[in-house]
*Asks:* 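Shown below is the structure under consideration.
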Number of protein chains: 2
Amino acid sequence: MDKPNSQDRVDTEARILEAARLVFFKQGMAGARMQDIANQAGVNKALLHYYFRSKDKLFQTIFIQAFQTMLASFKEIIVSPVGIREKLEAFIHIYISNMRQNPYLPLFIINEINKNPDSFPKQLIPQHNQVDLRQLFVQAQKEIEEGKIAPFKPLHLIMNVLGMSIFTFIAKPMMVQMLGINETQYETFLNEREEQIISFVRSALNPS
Amino acid sequence: MDKPNSQDRVDTEARILEAARLVFFKQGMAGARMQDIANQAGVNKALLHYYFRSKDKLFQTIFIQAFQTMLASFKEIIVSPVGIREKLEAFIHIYISNMRQNPYLPLFIINEINKNPDSFPKQLIPQHNQVDLRQLFVQAQKEIEEGKIAPFKPLHLIMNVLGMSIFTFIAKPMMVQMLGINETQYETFLNEREEQIISFVRSALNPS
DNA sequence: GTCTATAACAGGATAGAC
DNA sequence: GTCTATCCTGTTATAGAC
């Protein structure tokens, strides 16, 4: 019944990864404890080392996968052949709905890059990402010159949209503490959020 | 010459606090090392315990002071007897210029609240803060009804402004990694930032 | 008040039985 | 493949001399 087979291996490894994600996302690399991850996964501490050799290796696995999840959200938008407004709105839509499943993801990534900018895995920055982004800037500039949108500098425009979207998730604990908001109220806030950001941006972009 | 006196005490304590701020801001509670703080302050590790008893106590001191610095930036605005537009613009102005001196502050605070929402020092939420904030919401709602500004829900409006402002500092390492931006380019970005956010918000708030 | 030396402990990692 | 037991390093904290 307990005969180990390749299916067990997959299951255990997956359970560990899931547990590691939970703990690392919440606590960060420095704050996470292998013991916590093991408990969370319902396995022995030694097993983590059996599967991933070291805390650092396990962390790398989680981080890289998380970063790619994040990138995927971005990527999905940039390439499609529509106007800047549509791209921004699509981004807000996709980002807000994706991150509802992973509310800790944005803060986790920002944090770990911040603490360790040097050891950022180079494999994670394929050349074409930067190219795609620059394309987006060019497109924005063009639409400004054509009078389609109000003249905000493209980089700032993007940062505005990113800031409003990402802050939605990052700020939850702050809202709880400073505004005394509870879980239900935050849910309501989340439900309105996409529409509110989109209409805010839409209003800002109207050429005067 | 080396006779200890109360001035020495003040100096040493201040040097330790300054060093602790540096290390904690960058590394967080979990990532910080007492040894690093001692080195940074140019004193012996044991001295930290002499002055602050434990790492946790030292951290609390830093965190509380940091949080109050942050609150002060907010407070400065909310009370003045001007319109919502003016308040939001004043906030953006003050926040961007204040945080240039403390770029790590916002992320530090958000992070530590996130990791330890339970042990949040209650002394840091005086009743009147929440009252002041609710006042702001009321004022926004009133100006909407008077047709002075476009009808965005007050909470979302505030979160939009906060998000764009705070993300400016939080996202620096991400910009470096993903856009390949360097120090000079980030400086340029910072210099434009206040004006860009303000005109974005102004444009969004115009009643249609 | 400041230092050196060391105790006490936490946490990552490995050996070896099953 | 999974567990128990143990090692070993790094880190907080204290004792005690100056």
Side-chain angles (χ1 to χ4, degrees), chain A residues 1-64 108 111-112 115-116 118-119, chain B residues 1-64 111-112 115-116 119:
Chain A
M1 199 177 209
D2 270 349
K3 183 167 66 104
N5 55 32
S6 67
Q7 187 53 47
D8 284 355
R9 177 174 185 106
V10 170
D11 287 353
T12 306
E13 190 167 335
R15 285 229 314 288
I16 293 176
L17 279 171
E18 184 52 33
R21 221 184 327 271
L22 233 67
V23 176
F24 278 133
F25 278 17
K26 189 86 186 289
Q27 305 296 339
M29 168 64 178
R33 298 286 163 259
M34 293 296 265
Q35 186 63 60
D36 296 342
I37 297 175
N39 292 346
Q40 181 70 40
V43 300
N44 191 278
K45 213 174 39 154
L47 259 198
L48 306 190
H49 288 95
Y50 173 79
Y51 279 100
F52 297 96
R53 260 196 94 75
S54 71
K55 181 184 178 184
D56 201 69
K57 288 267 202 320
L58 178 53
F59 175 79
Q60 288 301 323
T61 309
I62 298 297
F63 180 81
I64 289 174
F108 169 73
N111 252 318
E112 298 300 331
K115 298 210 173 116
N116 234 322
D118 309 315
S119 72
Chain B
M1 201 178 210
D2 270 348
K3 184 166 65 106
N5 56 33
S6 68
Q7 187 54 47
D8 282 356
R9 176 172 186 107
V10 170
D11 287 354
T12 306
E13 190 166 336
R15 285 229 315 288
I16 293 177
L17 280 171
E18 183 52 32
R21 219 183 330 269
L22 233 66
V23 176
F24 278 133
F25 278 17
K26 191 83 186 288
Q27 305 295 340
M29 167 64 178
R33 296 287 162 259
M34 292 296 264
Q35 186 64 62
D36 296 342
I37 297 175
N39 293 345
Q40 182 68 40
V43 301
N44 191 279
K45 218 178 26 159
L47 259 197
L48 307 191
H49 288 95
Y50 174 80
Y51 279 100
F52 297 94
R53 256 198 100 72
S54 71
K55 181 184 177 182
D56 201 71
K57 290 266 201 319
L58 178 54
F59 175 79
Q60 288 301 325
T61 309
I62 297 297
F63 179 82
I64 289 175
N111 253 318
E112 298 300 331
K115 298 206 174 121
N116 234 322
S119 73

*Asks:* Measuring from B:L48:CG to B:T12:OG1, what's the distance to the nearest 0.5 Å?
*Replies:* 11.0 Å
*Asks:* Given atom NZ of A:K45 and atom P of D:dT4, what is their separation to the nearest angstrom?
*Replies:*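 Between P of D:dT4 and NZ of A:K45: 12 Å.
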*Asks:* Looking at C:dG11, does its base get a donor-acceptor pair with the side chain of A:K55 below 3.5 Å?
*Replies:* no
*Asks:* What is the distance, to the nearest angstrom, from the OH atom on A:Y50 to the C1' atom on C:dC18?
*Replies:*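 So the two atoms are 14 Å apart, to the nearest Å.
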*Asks:* B:A30 and A:G31: which non-hydrogen atoms are nearest, and at how many Å?
*Replies:*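 Taking B:A30 first and A:G31 second, the nearest heavy atoms are CB-CA, 3.6 Å.
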*Asks:* Return the value, rounded to whole Å, for the distance between atom CG of A:L47 and atom C1' of C:dA13.
*Replies:*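 Taking atom C1' of C:dA13 as the reference, CG of A:L47 is at 14 Å.
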*Asks:* Output, in order, the C-alpha distance, side-chain angles, deciding distance and verdict of ring pair (Phe, Tyr, Trp, His ring centres under 6.0 Å) for A:F108 and A:F24.
*Replies:* CA-CA 8 Å; A:F108 169 73; A:F24 278 133; 7.2 Å; no
*Asks:* When the distance from CZ of B:F52 to P of C:dG1 is rounded to whole Å, what number comes out?
*Replies:* 12 Å
*Asks:* Between A:Y51 and D:dT2, does any side-chain N or O lie under 4.0 Å from OP1 or OP2?
*Replies:*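 It does, given that an N or O in the side chain of A:Y51 lies less than 4.0 Å from OP1 or OP2 of D:dT2.
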*Asks:* Side-chain N or O of B:H49 versus OP1/OP2 of D:dA13: is the shortest distance under 4.0 Å?
*Replies:*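 It does, given that an N or O in the side chain of B:H49 lies less than 4.0 Å from OP1 or OP2 of D:dA13.
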*Asks:* Can you sort out which residues in residues 16-34 of chain B have a heavy atom within less than 4.0 Å of DNA chain D? Ascending by number, please.
*Replies:*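 Under 4.0 Å from DNA chain D: B:A32, B:R33, B:M34.
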*Asks:* Say you draw a straight line from CZ of B:R21 to CD1 of B:I62; how long is it, rounded to the nearest 0.5 Å?
*Replies:*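 CD1 of B:I62 is found 5.0 Å from CZ of B:R21.
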*Asks:* If we ignore hydrogens and angles and just use 3.5 Å, is the side chain of A:K55 paired with the main-chain N or O of A:M29 as donor and acceptor?
*Replies:*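 Yes; judged by distance alone, with no hydrogens or angles, the pair exists.
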*Asks:* To the nearest angstrom, how far is B:I37 atom CD1 from D:dT11 atom P?
*Replies:* 12 Å
*Asks:* Atom CG of A:D11 to atom P of D:dT2: distance rounded to whole Å?
*Replies:* 9 Å
*Asks:* Could you grab the distance from atom CE of A:M34 to atom CD1 of A:I16, nearest 0.5 Å is fine?
*Replies:*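 It comes to 9.0 Å.
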*Asks:* Would you say A:T12 places a side-chain N or O within less than 4.0 Å of OP1 or OP2 belonging to D:dT2?
*Replies:*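 The answer is yes; a side-chain N or O of A:T12 sits under 4.0 Å from OP1 or OP2.
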*Asks:* Nearest whole Å is fine: how far is D:dT11 C1' from B:L58 CG?
*Replies:*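 Going from B:L58 (CG) to D:dT11 (C1'), I get 15 Å.
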*Asks:* Provide, to the nearest angstrom, the distance between the CZ atom belonging to A:F59 and the P atom belonging to C:dG11.
*Replies:*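 Distance, rounded to whole Å: 18 Å.
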*Asks:* Just checking, is any N or O donor in the side chain of B:Q35 or B:N39 under 3.5 Å from an acceptor N or O on the other one?
*Replies:*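 Judged by distance alone, the side chains do pair up.
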*Asks:* Can you tell which of C:dC3, D:dA13, D:dC3 lies closest to the side chain of B:S54?
*Replies:* D:dA13
